[in-house]
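The structure appears below as structure tokens.
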Amino acid sequence: MENKGSDEVETLKTKFVSVWHNVKYSWALKLKTSFSRNSPVLLLGKCYHFKAEDDDSVAEACSEACDEDSVVGNAEAFRKDFTSRVWLTYREECPPLPGSTLTSDCGWGCMLRAGQMMLAQALILHFLGRDWTWSEAMALQPLDTETWTTSAAKRLVASLQGPSRPPEHGPPPPLQSQAPGSAEEADAHLKEMYHRSLVSWFGDSPSAQLGLHRLIRTGLTMGKQAGDWYGPAVVAHILKKAVEEAMDPGLAGITAYVSQDCTVYSADVIDSHRAPRAGQPSAERSEAPPTSQSNQPVSASTLTDSRAVIILIPVRLGGEKTNPDYFNFAKSILSLEYCIGIIGGKPKQACYFVGFQDDSLIYMDPHYCQSFVDVSTSDFPLQSYHCPSPKKMPFSKMDPSCTLGFYSKSAQDYERISQELSKVLQPSAKEKYPAFTFVQGHGRDYDLSAGLTPEKREWPFIRDPRRTVTTTGDFVLL
């Protein structure tokens with residue numbers, strides 16, 4: 001009887017906490033983000049300026065801050081580009097999360113959501129290219145406080161009455177529509193199919209390939225449970241396993257790699273590009289959507305035997321606070337088109353960093369509680385998966401613990417990426433240590449995890465006890 005009573009108390013406690021989080025994170029009072037007209041804005045390798053386009057200083061300012069291949073655009077182009085990124089936030093009224101009775105990730109799942117957004121950007125590069133933008137991006141209205149607070153009140157009442165649980169569903173059916181007429185319409189239609197399928201992989205149901213349920217189930221094998229706080233390093237390993245274990249043929253042409261102890265082992269990345277995924281026969285791989293080339297959408301001509309690799313690098317950019325010496329490094333990283341962003345944020349408050357202006361980071365915020373969307377239908381609404389309202393945060397408030405992400409489409413592409421990043425990583429007179437390093441060879445050649453089980457080798461920042469390098473915690477700190 002005592003156990004039954006204790007379980008009922010715990011269930012009631014969980015319910016009230018969930019209700020509080022749903023209300024708290026649904027109250028979306030939106031303050032307008034200010035941008036300077038005198039400084040360029042960098043968004044995942046693209047350069048924008050909010051001055052008039054006929055101003056001669058625009059091109060000069062952008063050329064100083066950006067790579068020569070970066071696109072110079074105005075405020076409208078920036079808004080369209082930003083809004084086209086996939087936005088993943090807290091959700092409620094989901095099927096129960098693995099190992100718990102929770103039906104929402106409000107209040108604790110923000111790092112998982114930030115990781116999903118970074119992974120979604122990698123898939124956009126893979127299938128659609130960096131130049132892709134959503135055709136309906138400019139029609140999306142900014143967040144409306146009244147709408148959100150009204151829905152919050154409705155959800156409060158509904159939560160107290162009992163959460164509604166949507167039925168289980170399988171993978172989304174293939175999209176059906178009338179064949180478009182011109183080649184341009186056909187290309188737009190194909191891109192929209194990829195866009196919708198990509199978003200469906202992040203649905204909040206057990207069957208979604210890269211959804212919250214899959215990530216939490218993977219986290220259970222690493223000692224994390226629904227309701228726990230997930231750090232950026234742990235999320236990197238969760239994302240890696242989720243991509244590797246995804247069974248959808250559309251994801252067979254891409255895999256993930258996580259650096260070991262702030263070191264990227266080039267031979268391991270090259271092997272990831274070339275080796276077939278476990279359990280994925282070559283016949284199945286041939287049916288997968290092909291890898292994109294640069295900024296071009298995928299096509300049949302791009303089919304190869306190699307896979308793209310998402311490179312995830314957990315780092316720590318200082319001690320208790322981010323070392324200011326790393327600010328320019330972070331800017332350089334976000335200025336690269338093959339960068340898929342940074343997951344980190346403030347202490348205990350995760351964000352997905354996608355760009356910067358001057359000394360402020362531009363980020364996407366997962367701290368909004370939205371209702372469950374059934375992505376199994378062919379025409380599910382996409383509006384809640386895109387955000388028209390960027391936010392800014394000073395570099396000085398950035399938590400030093402974060403994970404950097406990059407997309408490499410081929411072994412040849414990785415060679416170029418490693419060379420370019422090695423130049424960025426060269427320490428200045430102020431910096432004593434680079435944020436991470438590239439090393440030739442395999443990680444096993446350096447005997448970093450001798451004597452450990454395969455599962456423990458996957459754990460972030462494992463150090464060989466025989467090594468005598470003097471460190472503080474898991475990192476060399478400045």
Fill in the blank from the handout: With sequence neighbours left out, the residues meeting ring-ring contact (aromatic ring centres under 6.0 Å, His included) with Tyr230 are none
Exercise for the section: For Ser332, enumerate each residue passing the side-chain contact (heavy atoms from CB on, under 4.5 Å) test, keeping only those at least two apart in sequence or located in another chain. Expected result: Val424
Handout entry: Positive for ring-ring contact (aromatic ring centres under 6.0 Å, His included) with Phe395, one of Tyr363, Phe327, Tyr326
Key = Phe327
Practice task
Please confirm whether the backbone N or O of Pro232 pairs with a side-chain atom of Thr403, one donor and one acceptor, at under 3.5 Å?
Solution key: yes
Handout entry: Residue pair Leu251 / Glu245, side-chain heavy-atom distance below 4.5 Å
Key = no
Exercise for the section: Decide yes or no on side-chain contact (heavy atoms from CB on, under 4.5 Å) for Phe372 and Thr103, but give the supporting numbers first. Expected result: CA-CA 10 Å; Phe372 170 87; Thr103 59; over 6 Å; no
Practice task
Compute the centroid of each ring, for Tyr446 and then for Tyr265, and state whether the two points are separated by less than 6.0 Å.
Solution key: yes
Problem - Donor-acceptor pair, side chain of Asn323 and main chain of Asp325, under 3.5 angstrom - result: yes
Practice task
Check whether any side-chain heavy atom of Leu421 sits under 4.5 Å from a side-chain heavy atom of Leu336, and report yes or no.
Solution key: yes
Problem - Backbone of Val199 reached by a side-chain donor or acceptor of Arg196 within 3.5 Å - result: no
Exercise for the section: Report yes if the side chains of Leu198 and Val86 come closer than 4.5 Å at any heavy-atom pair, otherwise no. Expected result: yes
Fill in the blank from the handout: Applying side chain to side chain donor-acceptor pair (under 3.5 Å) to Tyr414 and not counting sequence neighbours gives Ser266
Practice task
Assess the pair Trp87 and Tyr368: is the distance between their ring centroids shorter than 6.0 Å?
Solution key: yes
Practice task
Look up atom CD1 in Ile313 and atom CD in Gln260, then write down how far apart they are to the nearest 0.5 Å.
Solution key: 12.0 Å
Fill in the blank from the handout: In short, salt bridge (charged side-chain N to carboxylate O under 4.0 Å, His left out) pairs touching residues 113-124 with sequence neighbours left out are Asp105-Arg113, Arg113-Asp204
Problem - Heavy-atom check, side chain of Arg214 versus side chain of Leu210, under 4.5 Å - result: no
Practice task
Look at the side chain of His273 and the backbone N and O of Ser410, then say whether any donor-acceptor pair between them is shorter than 3.5 Å.
Solution key: yes
Handout entry: Atom CD of Glu415: over 12 foreign heavy atoms under 6.0 Å
Key = yes
Problem - From CD (Gln440) to OG (Ser418), nearest 0.5 Å - result: 7.0 Å
Practice task
Sequence neighbours left out, what passes side chain to side chain donor-acceptor pair (under 3.5 Å) with Ser396? Give chain and number order.
Solution key: none
Exercise for the section: Go through the structure and list residues passing side-chain contact (heavy atoms from CB on, under 4.5 Å) with Lys321, not counting sequence neighbours. Expected result: none
Exercise for the section: Could you walk me through whether Met398 and Ile342 pass the side-chain contact (heavy atoms from CB on, under 4.5 Å) test, one step at a time? Expected result: CA-CA 11 Å; Met398 178 184 180; Ile342 302 173; 4.2 Å; yes
Handout entry: Any side-chain heavy-atom pair of Leu215 and Ile238 under 4.5 Å
Key = yes
Exercise for the section: Would you please name every residue forming a side-chain contact (heavy atoms from CB on, under 4.5 Å) with Ala226, sequence neighbours left out? Expected result: Leu97, Ser100, Leu102, Trp108, Ile216
Practice task
Please confirm whether the backbone N or O of Val309 pairs with a side-chain atom of Ser272, one donor and one acceptor, at under 3.5 Å?
Solution key: no
Practice task
Check Asp399 against Lys346 and note the closest heavy-atom contact, atom names and distance.
Solution key: CB-C, 4.0 Å
Problem - Closest non-hydrogen atom pair, Leu220 against Pro98 - result: CD1-CB, 4.2 Å
Practice task
Would you check if the side chain of Ser104 reaches a backbone N or O of Arg91 as a donor-acceptor pair within less than 3.5 Å?
Solution key: yes
Handout entry: Minimum side-chain heavy-atom gap Phe202-Val375 below 4.5 Å
Key = no
Fill in the blank from the handout: Shortest non-hydrogen pair, Tyr407 vs Asp413, comes out as O-OD2, 4.0 Å
Exercise for the section: Hey, can you tell me if Phe127 and Trp201 have their rings parallel, tilted or perpendicular (30° and 60° cut-offs)? Expected result: tilted
Practice task
State the CZ-CE distance between Arg85 and Met117, to the nearest 0.5 angstrom.
Solution key: 13.0 Å
Fill in the blank from the handout: For Ser259 and Pro314 the tightest heavy-atom approach is OG-CD, 3.4 Å
Practice task
For Lys224 and Trp229, indicate whether the former's side chain and the latter's backbone hold a donor-acceptor pair under 3.5 Å.
Solution key: yes
Completion exercise
Residue set satisfying salt bridge (charged side-chain N to carboxylate O under 4.0 Å, His left out) with Glu136, at least two apart, ordered chain then number -> none
Fill in the blank from the handout: Of Leu88, Val234, Leu212, the one forming a side-chain contact (heavy atoms from CB on, under 4.5 Å) with Leu112 is Leu212
Handout entry: Euclidean distance, Gln121 CD relative to Cys339 SG, rounded to 0.5 Å
Key = 9.0 Å
Sequence neighbours excluded and cut-off under 3.5 Å, please list the side-chain donor-acceptor pairs for residues 350-361, or say none.
residue, atom, partner, partner atom, Å
Tyr352, OH, Ile340, O, 2.5
Gln357, OE1, Ser36, N, 3.1
Gln357, OE1, Lys392, NZ, 3.1
Gln357, NE2, Ser36, O, 2.8
Gln357, NE2, Ser39, O, 2.9
Asp358, OD1, Ser39, OG, 2.8
Asp358, OD2, Ser39, OG, 3.1
Asp359, OD1, Lys331, NZ, 3.2

Practice task
Mind checking ring-ring contact (aromatic ring centres under 6.0 Å, His included) for Phe35 and listing every partner two or more places apart, or none if nothing turns up?
Solution key: Phe50, Phe78
Problem - Minimal non-hydrogen separation, Ile270 against Ala411, with atom names - result: CD1-CB, 3.9 Å
Handout entry: Residues in side chain to side chain donor-acceptor pair (under 3.5 Å) contact with Glu420, at least two apart in sequence or another chain
Key = Tyr338, Arg416
Handout entry: Under 3.5 Å donor-acceptor, Ser197 side chain and Tyr194 backbone
Key = no
Problem - Student check: side-chain heavy atoms of Met364 and Phe82 closer than 4.5 Å - result: yes
Handout entry: Value rounded to 0.5 Å, distance of OG1 in Thr255 from CD1 in Ile311
Key = 11.0 Å
Exercise for the section: Measure the shortest side-chain to side-chain distance between Phe329 and Pro434 over non-hydrogen atoms and say whether it is less than 4.5 angstrom. Expected result: no
Completion exercise
Smallest heavy-atom separation, Ile254 atom then Arg307 atom, equals N-CB, 4.3 Å
Handout entry: Qualifying residues under side chain to side chain donor-acceptor pair (under 3.5 Å), relative to His386, sequence neighbours excluded
Key = His195
Fill in the blank from the handout: Value for NZ (Lys46) from OG1 (Thr133), rounded to nearest 0.5 Å, stands at 10.5 Å
Exercise for the section: Look at the rings of Phe436 and Phe406 and say which category their plane angle falls in: under 30° parallel, 30 to 60° tilted, over 60° perpendicular. Expected result: tilted
